[in-house]
Amino acid sequence: MQIEWSWTDGWLLMALLLAQEGGTGAPLHKLIAAADATNHAIPAPHELSSTLTKFIRCGLITVAEERFLLSPQYLPGVQKAYQGPGGLFAAGDKGLKWLNKSKLGWKNAERLDFSEAQVKTAYDLYMSAPHTK
């Protein structure tokens with residue numbers, strides 16, 4: 001069964017790429033910061049839940065110690081897509097294009113759910129960082 005990807009999925013894929021801290025992955029507040037930087041918007045809990053569930057179910061990411069890590073298998077392709085034509089604000093389009101070409105399929109039934117409180121806590125952490133002042 002083919003996965004139906006949305007522009008939000010592409011946006012959050014590229015935000016996740018930008019939020020990666022070396023090989024350690026991205027905590028939620030860094031993912032939110034990168035999403036804001038690329039689209040001037042904060043993802044809603046249902047958007048994070050839907051997209052990150054798709055990513056974990058197809059093996060695109062792993063989650064460890066509350067960090068989201070792009071699979072080393074897919075990282076070079078995602079990086080190449082990000083570096084393609086178009087600037088920072090085209091990141092969502094580039095991410096969606098990569099996802100549609102990826103031919104990823106379901107590998108498991110894992111689910112990630114984010115509450116309003118979790119997203120608010122991560123947002124507050126992002127906004128309290130020195131670079132946002």
Side-chain angles (χ1 to χ4, degrees):
M1 179 177 187
Q2 176 124 356
I3 302 171
E4 289 189 36
W5 299 107
S6 69
W7 185 89
T8 299
D9 299 329
W11 167 43
L12 292 176
L13 174 64
M14 291 302 162
L16 184 57
L17 173 69
L18 295 173
Q20 297 284 294
E21 297 178 344
T24 64
L28 185 57
H29 73 280
K30 296 274 179 135
L31 174 57
I32 288 171
D36 190 21
T38 58
N39 189 37
H40 296 297
I42 304 301
H46 73 275
E47 291 172 317
L48 290 164
S49 297
S50 174
T51 293
L52 294 176
T53 292
K54 286 180 187 178
F55 290 176
I56 201 166
R57 283 185 176 176
C58 70
L60 182 57
I61 65 168
T62 56
V63 181
E65 298 178 21
E66 297 185 18
R67 290 176 167 270
F68 308 98
L69 181 64
L70 283 166
S71 168
Q73 173 183 355
Y74 302 112
L75 183 59
V78 176
Q79 288 172 323
K80 184 177 179 183
Y82 176 74
Q83 294 165 352
L88 182 64
F89 298 115
D93 296 327
K94 293 188 273 188
L96 178 57
K97 184 176 179 180
W98 185 87
L99 288 166
N100 284 329
K101 288 183 176 183
S102 70
K103 308 252 190 271
L104 292 167
W106 302 125
K107 294 183 177 182
N108 63 62
E110 290 183 61
R111 178 149 184 87
L112 296 172
D113 288 305
F114 297 91
S115 68
E116 292 279 342
Q118 286 174 299
V119 174
K120 182 178 181 336
T121 298
Y123 174 78
D124 290 345
L125 185 58
Y126 153 51
M127 290 307 293
S128 69
H131 71 278
T132 58
K133 296 184 178 180

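The basis for the numbers below is simple: all heavy atoms, side chains too, and nothing from hydrogens, waters or symmetry mates.
A side-chain contact (heavy atoms from CB on, under 4.5 Å) with L52 is found for one member of V63, L31, L12 and no other, namely L31.
Contact record, S128 with L125: OG-O, 2.9 Å, taken as the closest heavy-atom pair. For R67 against P27, the heavy-atom pair with the smallest separation is NH1-CD, 3.3 Å. Among all heavy-atom pairs drawn from A15 and A35, the shortest one is CB-N, 3.5 Å. Contact record, L17 with L75: CD1-CD1, 3.6 Å, taken as the closest heavy-atom pair. Considering every non-hydrogen atom in both E4 and D9, the closest pair reads O-OD2, 4.1 Å.
Applying the side-chain contact (heavy atoms from CB on, under 4.5 Å) criterion to E66, with sequence neighbours excluded, gives no partner residue. Applying the side-chain contact (heavy atoms from CB on, under 4.5 Å) rule to N108 yields the partners R57, E110; only residues at least two apart in sequence or on another chain are considered. D93 pairs by the salt bridge (Lys or Arg N to Asp or Glu O under 4.0 Å) definition with nothing, not counting sequence neighbours. For T121, the side-chain contact (heavy atoms from CB on, under 4.5 Å) criterion is met by no residue, not counting sequence neighbours. Legend: residues meeting side-chain contact (heavy atoms from CB on, under 4.5 Å) with T62, ordered by chain and number and at least two apart, are L69.
Considering CG of L99 and SG of C58, their distance stands at 7.5 Å, rounded to 0.5 Å. Put simply, OG1 on T8 and CG on L96 are 9.5 Å apart, with the number rounded to the nearest 0.5 Å. Atom NZ of residue K94 and atom CG of residue L13 lie 11.5 Å apart, to the nearest 0.5 angstrom. Atoms CG and CD1, from N100 and I3 in turn, are 10.5 Å apart once rounded to the nearest 0.5 Å. In this structure, N39 CG and M14 CE are separated by 13.5 Å, a value rounded to the nearest 0.5 Å. To the nearest 0.5 angstrom, L28 atom CG is 5.5 Å from F68 atom CZ.
Both L104 and W106 are members of a single hydrophobic cluster when ILVMFWY side chains are connected at heavy-atom separations under 4.5 Å. Linking Ile, Leu, Val, Met, Phe, Trp and Tyr whenever their side-chain heavy atoms come within less than 4.5 Å puts L16 and L18 in one cluster.
Panel note: side chain S71, backbone L60; no donor-acceptor pair is recorded below 3.5 Å. Looking at S50, its side chain never comes within 3.5 Å of a backbone N or O of E47 through a donor-acceptor pair. A donor-acceptor pair under 3.5 Å is absent between the side-chain atoms of E116 and the main chain of A44, judged by distance alone.
For K54, the NZ atom counts as densely surrounded, since its 6.0 Å shell holds more than 12 non-hydrogen atoms of other residues, nucleotides or ligands.
The ring-ring contact (aromatic ring centres under 6.0 Å, His included) pairs that include a residue from residues 11-49 are W7-W11, H40-F89, where partners are two or more places apart or lie in different chains.
Ring geometry for W98 versus Y74: interplanar angle over 60°, hence perpendicular rather than tilted (30 to 60°).
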Side chain to side chain contact (heavy atoms under 4.5 Å, CB included) for L112 and L48? Distances and angles first, verdict last.
CA-CA 8 Å; L112 296 172; L48 290 164; over 6 Å; no
